[in-house]
2 protein chains.
Amino acid sequence: MADSNMSDNIEAYLKQILQQANEVEIRRAEIARRFNVVPSQINYVIKTRFGAENGYLVESKRGGGGYIRIVKMALRTEPDLIDEMRQSLPEIVSFRTATAVISSLYREKILTQREGELLLTMLSKEALAVGDVAIQGQLRARLLQQLLNRLRFESERD
Amino acid sequence: MADSNMSDNIEAYLKQILQQANEVEIRRAEIARRFNVVPSQINYVIKTRFGAENGYLVESKRGGGGYIRIVKMALRTEPDLIDEMRQSLPEIVSFRTATAVISSLYREKILTQREGELLLTMLSKEALAVGDVAIQGQLRARLLQQLLNRLRFESERD
DNA sequence: CACCCCCTTGACCAATATTGACATAATTAT
DNA sequence: ATAATTATGTCAATATTGGTCAAGGGGGTG
C-alpha cells in the first residue's frame with residue numbers, strides 16, 4: 001500500500017482531500033508529524049507537485065494560527081492557444097511585444113479590454129523601471145509568463 | 001469556526017459590525033476583556049488589519065470616555081480614497097500588503113474579482129523574482145503605484 | 001562504474017501573534 | 001491649579017508558526 005516514497009504519499013493524501021473540496025488547509029507541523037517526516041518536506045511536496053504550473057494556488061501564513069492552504073483551479077476549455085503563446089514568448093519582451101500579446105488575448109476573448117489595460121499599466125516602462133533595459137525585458141517576460149500560465153486556469157472561488 | 005488565532009477573531013468581530021454600519025466605536029479595555037487578551041493586542045489588530053491599505057481610518061481618544069473608532073474610507077469620494085492609499089503605501093511592499101490593497105479596491109467595486117486576481121498574479125513573488133528581496137519590494141511598490149495612479153484618473157472621468 | 005534525478009534531512013531564516021512594562025493624554029475630583 | 005483617575009499608545013521581548021537552502025542518500029541508467 002504505502003509507497004516507499006513519502007512525498008508521493010503526502011501528495012496522494014492532499015489530492016484525495018482535494019477531490020471532495022476545492023481547497024485544503026493544513027498545519028505544516030501536523031502533517032509532518034502524521035507522515036513522520038521533517039516539516040520542510042511538506043514544502044518540497046508543495047513546490048514539486050502543487051505549483052502554479054499544475055493549476056494550484058498556494059497561500060500560507062506564519063506565526064500563531066499559521067497555515068498552508070492549497071486551492072485547486074480548473075483547466076480552461078481552450079488552453080492550447082495560450083500554451084502556444086507561452087512557448088513562443090521570447091526571453092526578453094519589449095513593451096511593444098507585450099502590447100501585441102495582450103491584444104491577442106483580447107481578440108480571443110480571453111481578456112476584457114479593461115483587464116488588458118490594467119495589465120499593460122503594470123507592463124509599462126515606467127512601472128518596470130529597473131537598472132538595465134535587458135533586465136527590464138526579462139522581467140516583463142516573466143510577468144507575461146506568469147499571466148499566461150494563470151490564464152490557463154479559472155478560479156473556482158468566491 | 002473559531003480560528004485558533006485571536007487576532008483574526010477580533011478582526012472578524014469588528015468587520016462583522018462594519019458590514020452593517022460604516023463605522024464602529026469601541027472601548028479598548030472592554031474588547032480586550034471580551035476576547036480574553038491583553039489590551040495592547042487591540043492596537044496590534046488595528047495596526048495590522050485596519051490601516052489605510054485596508055481601506056480604513058482610525059481615530060481615538062484617551063482618558064475618561066476614551067474610545068477607538070474605525071471608519072470605512074468608502075465614505076470619501078473615490079479619487080480621494082485612491083490618493084490616500086497611494087500616499088500611505090510604503091516604499092517597499094510585501095505580497096501580503098499588495099493583497100490587502102487589491103482586496104480593498106475590490107471591496108470598493110473599483111476592481112472586479114478577476115481583475116484583482118490577474119493583477120495579483122503579476123505582483124506575486126514568482127513573477128517579481130529579482131535578485132534582492134528589497135528590490136522586489138520596491139518593484140512591487142512601483143507597480144502598485146502605477147496601478148493606483150491609473151485607477152485614479154479613471155475615476156476622475158466620472 | 002559514473003552519473004543524474006529525485007527524495008530526505010536539518011540548520012538557519014522570516015513572518016506573525018501575544019504579552020507586559022512603561023509612556024502619554026484626557027477627564028474628573030480636590 | 002493640581003492631583004488622581006481613567007483611558008489609549010508604544011515598544012521590545014518572547015512565542016509560534018512556516019520558508020529557504022545546501023548537503024547527503026539511494027536507486028536507476030548509460
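The sequence lines fix the lettering, A, B, ..., with proteins before strands; numbering per chain opens at 1.
B:N36 CG: 12 or fewer foreign heavy atoms inside a 6.0 Å radius. Counting heavy atoms of neighbouring residues, nucleotides and ligands inside a 6.0 Å radius, atom OH of A:Y67 exceeds 12 of them.
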Identify all side-chain donor-acceptor contacts of residues 37-46 of chain B below 3.5 Å with residues at least two apart in sequence or on another chain.
from  : atom 1 : to    : atom 2 : distance (Å)
B:Q41 : NE2    : B:S7  : OG     : 2.9
B:N43 : OD1    : B:R28 : NH1    : 2.6

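Note on B:R49: only backbone sugar-phosphate atoms sit closer than 4.0 angstrom, heavy atoms only; bases stay farther off. Heavy atoms of A:G64 sit under 4.0 angstrom from at least one base atom. As judged by a 4.0 angstrom heavy-atom cut-off over every strand, B:S40 is placed among the base-contacting residues. If you check every strand for non-hydrogen atoms under 4.0 Å, A:Y67 touches sugar and phosphate atoms only. The residue B:I68 sits close only to the backbone: its heavy atoms come under 4.0 Å of sugar-phosphate atoms, none of a base.
Side-chain nitrogen and oxygen atoms of A:S7 include at least one within less than 4.0 Å of the OP1 or OP2 phosphate oxygen of C:dT8.
As rounded to whole Å, 18 Å separates atom C1' of C:dT9 from atom CZ of A:F35. In this entry the distance linking CD of B:Q136 with P of C:dA14 reads 14 Å, nearest Å. Residue A:I42 contributes atom CD1, which lies 13 Å from atom P of C:dC7 at whole-angstrom precision. The CG atom of B:N43 sits 16 Å away from the P atom of C:dT24 (whole-angstrom rounding). When the C1' atom of C:dT18 is taken as reference, atom OH of B:Y44 falls 9 Å away, rounded to whole Å.
With a cutoff of under 4.0 Å to any heavy atom of chain B, the contacted region of DNA chain D is bounded 5' to 3' by D:dT6 to D:dT20.
Taking B:F50 as the reference, B:Y56 meet the ring-ring contact (aromatic ring centres under 6.0 Å, His included) condition, with sequence neighbours excluded. Under the salt bridge (charged side-chain N to carboxylate O under 4.0 Å, His left out) criterion, B:E30 pairs with B:R34, sequence neighbours left out.
One finds the NZ atom of A:K15 at 9.5 Å from the CD1 atom of A:I70 (value rounded to the nearest 0.5 Å).
Between B:E23 and B:K72 there is no salt bridge, since no side-chain nitrogen of the basic residue lies less than 4.0 Å from a carboxylate oxygen of the acidic one. With salt bridges taken as basic N to acidic carboxylate O contacts below 4.0 Å, one links A:R150 and B:E117. Salt bridge status for B:E25 with B:K61: absent, with no side-chain N to carboxylate O gap under 4.0 Å.
Relative to the axis of its first five pairs, the axis of the last five pairs of the helix from C:dC1-D:dG30 to C:dT30-D:dA1 sits at 10°, rounded to 10 degrees.
Residues from residues 87-101 of chain B placing a heavy atom under 4.0 Å of any atom in DNA chain D do not occur.
Looking at which nucleotide of DNA chain D each of B:K125 and B:E59 is closest to, the 5′-most match is held by B:E59.
Exactly one of A:T97, A:V93, A:L119 qualifies for a side chain to side chain contact (heavy atoms under 4.5 Å, CB included) with A:L144. That residue is A:V93.
Between B:S104 and B:R107, the side chains place no donor N or O within less than 3.5 Å of an acceptor N or O (distance only, hydrogens not considered).
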